[in-house]
Amino acid sequence: MKGMTHTTATRRPQEGLSSLAEIIGALPLTRWLAVMRERRHLASLDPRLLKDIGIDAEAQKREAARPFWDVTSRR
C-alpha cells in the first residue's frame, strides 16, 4: 500500500516477561494466605456450624492443623 508506513513498537523482550513472572510468583503466596485464613476460620466454627457444613470436630481439628502450604491441586 503506497504512502502508508508501518511502525512496530520496540520493546525489550524481557519487559513483559518480568511482570508476568512477578504475577506467577505471587500466585502461591496469594493461595497460601487464603488457605491460612480459611483454616483459621474453620478452627473458630462452633459445633452447630460444623454440623451445617457436614464436618465433625475431629475433621475440623485435622484440617485446621494442616500447614498452609499443604493444599490440594483443586485449589
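Numbering starts at 1 and runs along the sequence shown.
- Nearest approach of Met36 to Phe68, heavy atoms of both residues: CG-CB, 3.2 Å.
- For Pro67, the side chain to side chain contact (heavy atoms under 4.5 Å, CB included) partners at least two apart in sequence or on another chain are Trp69, Asp70.
- Note that CZ of Arg31 is 11.0 Å distant from CD of Glu38, once rounded to the nearest 0.5 Å.
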What side-chain donor-acceptor pairs closer than 3.5 Å can you find for residues 40-52, not counting sequence neighbours?
from: Ser44; atom 1: OG; to: His41; atom 2: O; distance (Å): 2.7
from: Asp46; atom 1: OD1; to: Arg48; atom 2: N; distance (Å): 3.0
from: Asp46; atom 1: OD1; to: Leu49; atom 2: N; distance (Å): 2.9

